[in-house]
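Please read the structure below before turning to the comments.
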Amino acid sequence: MRRWAAVFVCVALVFGVAAGCARKSGAPGVEAPKIKRLVFGLGSEPARLDPQDATDNPSYMATEHIYEKLVDFDEKMDIHPKLAESWEVKDEGLTWVFHLKKGVKFHDGTPFDAQAVKANFDRVLNPDNKLARHGLYAPYVDRVEAPDEFTVVFRLKQPFGALLAHLAHSAGGIISPAALEKYGKDIARNPVGTGPFKFKEWAPGDHITLVRNEEYWGTKPKLDELVFRPIPEGASRVMALETGEVDVAYPVPATEVERLKGNPGLKVVVTPTLRVIYVGIKVTQKPFDNVKVRQALNYAVDKKAIVDTVLRGLAQVADSPLSPLTWGYSPTYTYAYDPEKAKQLLQEAGVKPGTRVKLWTPEGRYLMDRQTAEVVQNNLQAVGLEVDFQKWEWAAYLDELDKKQESPYELFLLGWAPSTGDADWGLRPLLGTDMADNNALYSNPGLDKMLADAAAESDRAKRKALYADIQKLIMDEAPWIFLHVMHQTVGIRQGVEGVFISPLEMIMFHAADKQ
Amino acid sequence: MTQYAARRLLLLIPILIGVSVVVFLLVHLIPGDPARVLAGQEATREDIEAIRHRLGLDAPLHLQYFRFAAGLAGGDLGESIRTGRPVVEELRVRWPVTIRLTVCALVVMILLGVPAGIISATRPNSVFDNTSMMAALVGVSMPVFWLGLMLMLLFAYYLRLLPTAGSTTWKHFVLPALTLGLSSSAILARLTRSSMLEVMGQDFVRTAHAKGLAERVVIYKHALRNALIPVVTVVGLEFGSLLGGAVLTETVFTINGMGRYMVLSIGFRDYPVVQGAVLIFALGFVLVNLVVDLTYAVVDPRIRYR
């Protein structure tokens, strides 16, 4: 009898839990008809909504709606006023004075003023706070002063022409000092800014909901709610777009683009980014110390074939180490696909056919990265090199490349997108002597000097001319095999308008509307 | 039996300590630096060093383990490297989701597998037997990932009956539970069939028939109960593999459970999260095994625990 009771309890338990599965929880899914809610399906969940401590694009896509910066980028990556109405440069570029917009309030009702700006920069500049974006400001900004309610003065350590770009970076979003006081480091879960959307809720792993800021000082958003929904699996993300569970999906996997174009219910928008994909060359390694060999590698690779076949047109062949949308870009030239010339240069440099070279690539980090590297491998073998190919998981890859001289890498595929949108950040970290991301180990005192001069120049026209020379020099020196500028793909359902696709690989909904 | 259960529960402590050492070493020995991943590709060396120091990753490995173990003893799994939130809180949201998915899949597996096995066994070589065993073979061979996408395509995309992604309502669990439960039910069906066939050929079943018992009584009261022992074992083992299968299923269906979270965290080298999640999986696995062992005694009176 006792045994039957036990069996009964077991069965009851199973059905009890099964009924539990069927219990409906009160989370979103069914929407009230009159609320204008846009659901954005993105590839990864934001990590922390603290602009000064975030490093991932998903976080910044959310903070861009909650926070505002002193200045901002427009579609063409030009800089225009936001919370600062105007500014002037003094003391030969050492002092920048910003005049702030009046009558702006944070979401918690406290006023936005010069003290708020100072409090924000004091926070990020203080090394003890160990914020992830300390390095974006600390090397250049000495201190920030607030002489009156609506004037902020930035005192620099040395003249720095890209200051505006660093202030327009998402990390420059101004946080309510009262909220910083209240939440401390939990501000990352309770963001309070001045932006057009206010934070409503965050269900970890499921969604983040923002609502319209009714008190917003500028044009109020048309959407009532904006929901960020992470869907890491590409195929699932696309299917959610097709069924209407999400209104906008990003990114759309390259393999799905053609198919989706045939779907009348949605459109796929392809736009260029700031990201340049290249194969770095460890120039300290023989035979790559010889510029002829590096140029030969560039001639050997069929860039156009990579763009047309592997990337299905979702990229453009690079004609500079910078993307055309990066501020300071000027076109130089492209190494033509010329295997004969490559062979000849290799011969002149004394590289014997059958010489072994290592080619490494991450897999799944950039659009078709491994496949791209495979074409490079084929091309290099076609001019007589013997290529040892190795693909890597991203975290392990970064770790190995960080070892620089101690690691045996030779040719390595990487991409870089300057998140400030400025040429300085697009070139100096990668090619300046001894910089953290200079995996090519390229060192040229002439280039270092040119980069320093261009960074210090605060006249934008003069700066641009300096960068034109720099790009030409880098192209000639060929520390990389220059490949392509990556494009991004966004799926948008019919009836959704006004989505802004930033070349910084961010999607924004400030002006978006949904029928 | 209470004594036995208590002894088994006490054994949990050394097991968990062992698991904590192994998982700690594993995550710390795989190449990749969490500070580097967190700091982002654009970070300066100083940024990375600062983050490494903040996370305590610059301390010697054994010291890091003792910190982790000390926290563990106090029920503290540390903070997520990526989000800065306590791991306990991050996992608290997610483990019930995985348990719910796994139990739903278990129900699918039992409800489909056991009856299919019994019917096949009682009508060997019938059309039903051949079809269901063929289906079972297909079921076992299908990768969970592919099956999930196919079910999604059919029910969510073409028929629009169920949602594709998420884990907020019961509808979200139907396809994932089917995906996860189907292939296991195939294993269970084949096992139930063979176990039943074996028992049906034994003397006591012939006796039962001989004394004129109804077929139904013979099958369900006499044969099935004796055939259940291996079935219970496999259900228990399958529970473990369902937990593991949840990793894939959760990824395909964007279910906010432990499996998907753990895999994403490995990519970020979020050590505390991976350690916490593996420990909880281990705990779940051990507890399920204990329950299986105790169930034997319920199903088969000849088994006694001391």
Side-chain angles (χ1 to χ4, degrees), chain A residues 3 6-7 10 14-15 17-18 20-25 27-29 41 44-45 47-48 53 55-56 127 130 132-135 138-139 185 188-189 203-206 229-233 235-237 239-240 242-243 245-246 393-396 398-400 402 414 416 418-419 425 429 436-437, chain B residues 30-34 36-48 50-51 53-54 82-85 89-90 93-94 100 103-104 106-107 110 149 152-153 156-157 160 163-173 177 251-254 256-257 260-261 264 267-269 295 298-299 301:
Chain A
R3 234 176 289 126
V7 171
C10 284
V14 166
F15 279 94
V17 179
C21 301
R23 203 188 61 235
K24 203 169 185 170
S25 63
S44 177
E45 183 177 27
R48 36 182 102 199
D53 202 26
T55 54
D56 57 318
K130 301 206 189 306
R133 287 302 185 177
H134 177 73
K185 83 179 179 63
R189 295 266 149 183
D206 197 74
R229 210 164 140 204
I231 307 182
E233 227 292 299
S236 309
R237 188 163 57 246
M239 224 180 268
E242 291 183 273
T243 59
E245 284 165 70
V246 302
E393 186 263 356
W394 178 245
L398 273 186
D399 205 29
E400 189 64 28
D402 275 349
L414 267 184
W416 182 266
S419 58
W425 201 246
D437 285 286
Chain B
I30 48 173
D33 174 3
R36 185 67 164 98
V37 180
L38 179 67
Q41 203 187 345
E42 293 186 321
T44 62
R45 282 192 197 98
E46 294 71 31
D47 291 339
I48 297 171
I51 291 174
H53 182 72
R54 181 173 81 184
R82 183 166 134 84
T83 66
R85 294 218 316 167
E89 264 180 52
E90 296 274 16
V93 199
R94 292 169 169 95
R100 189 187 291 184
V103 172
C104 289
L106 200 68
V107 170
I110 294 171
L149 281 176
M152 200 195 280
L153 197 63
Y157 183 72
R160 302 277 159 121
T164 59
S167 45
T168 44
T169 68
W170 67 270
K171 280 187 180 178
H172 286 105
F173 282 90
T251 305
V252 178
F253 290 99
T254 321
N256 188 24
R260 177 173 76 117
Y261 187 50
L264 290 175
F268 293 121
R269 297 293 186 273
T295 318
V298 176
V299 177

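Reminder, nothing fancy here: chain letters follow the sequence lines and each chain counts from 1.
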Check whether Pro204(A) gets within reach of chain B through its side chain, its backbone, both or neither, counting any heavy atom under 4.5 Å.
-> both

Tyr157(B), part contacting chain A, at a heavy-atom distance under 4.5 Å | both

Taking every heavy atom of Arg48(A) against every heavy atom of Gly84(B), the minimum-distance pair comes out as NH2-N, 3.5 Å

Gap separating the CG atom of Leu149(B) from the CZ atom of Phe253(B), nearest 0.5 angstrom | 7.5 Å

Lys/Arg N to Asp/Glu carboxylate O, Lys185(A) vs Asp53(A), below 4.0 Å | no

Against chain B, label Glu393(A) side chain, backbone, both or neither, depending on which of its atoms sit under 4.5 Å from a heavy atom there.
-> side chain

Checking heavy atoms, do the side chain of Arg45(B), its backbone, both or neither come under 4.5 Å from chain A?
-> both

Arg237(A) versus Pro232(A), closest heavy-atom pair with distance = NH1-O, 3.3 Å

Examine whether an atom of Glu45(A) lies under 4.5 Å from a heavy atom of chain B, and if so say whether it belongs to the side chain, the backbone or both; otherwise answer neither.
-> both

Shortest non-hydrogen separation from Pro230(A) to Gly205(A) and the atoms involved | CG-O, 4.2 Å

What part of Arg229(A) lies closer than 4.5 angstrom to a heavy atom of chain B: side chain, backbone, both or neither?
-> side chain

Exercise: identify the closest heavy-atom pair between Trp425(A) and Trp416(A) = O-NE1, 2.9 Å

For Ile51(B) and Lys130(A), run side chain to side chain contact (heavy atoms under 4.5 Å, CB included): C-alpha distance rounded to whole Å, both residues' side-chain angles, the deciding distance at 0.1 Å, then the answer.
-> CA-CA 7 Å; Ile51(B) 291 174; Lys130(A) 301 206 189 306; over 6 Å; no

Under 4.5 Å from a heavy atom of chain A, the part of Asp33(B) involved = both

Does any heavy atom of chain B fall under 4.5 Å from the side chain of Ala240(A), the backbone, both, or neither of them?
-> both

Side chain to side chain, Glu245(A) and Ile231(A), heavy atoms closer than 4.5 Å = no

Ranking Ala235(A), Ser419(A), Pro429(A), Ala132(A) by heavy-atom pairs under 4.5 Å to chain B gives rank one to Ser419(A)

How far does OG1 of Thr243(A) sit from CE of Met152(B), to the nearest 0.5 angstrom?
-> 9.0 Å

Quick one: which of Ala39(B), Pro34(B), Ala177(B) has the most heavy-atom pairs under 4.5 Å with chain A, could you say?
-> Ala39(B)

Portion of Thr254(B) that has a non-hydrogen atom of chain A nearer than 4.5 angstrom | side chain

Heavy-atom contact with chain A under 4.5 Å, split by part of Arg269(B) = side chain

Which residue out of Thr251(B), Asp47(B), Thr164(B), Leu264(B) racks up the most heavy-atom pairs below 4.5 Å with chain A?
-> Thr164(B)

Please walk me through it: do Thr83(B) and Arg189(A) pass side chain to side chain contact (heavy atoms under 4.5 Å, CB included)?
-> CA-CA 9 Å; Thr83(B) 66; Arg189(A) 295 266 149 183; 3.3 Å; yes

What residue, out of Ile48(B), Leu153(B), Ile30(B), Val93(B), has the most heavy-atom pairs lying under 4.5 Å from chain A?
-> Leu153(B)

In terms of heavy-atom proximity below 4.5 Å to chain B, should Pro127(A) be classed as side chain, backbone, both, or neither?
-> neither

Identify which part of Glu89(B) has an atom lying under 4.5 Å from any heavy atom of chain A, answering side chain, backbone, both or neither.
-> neither

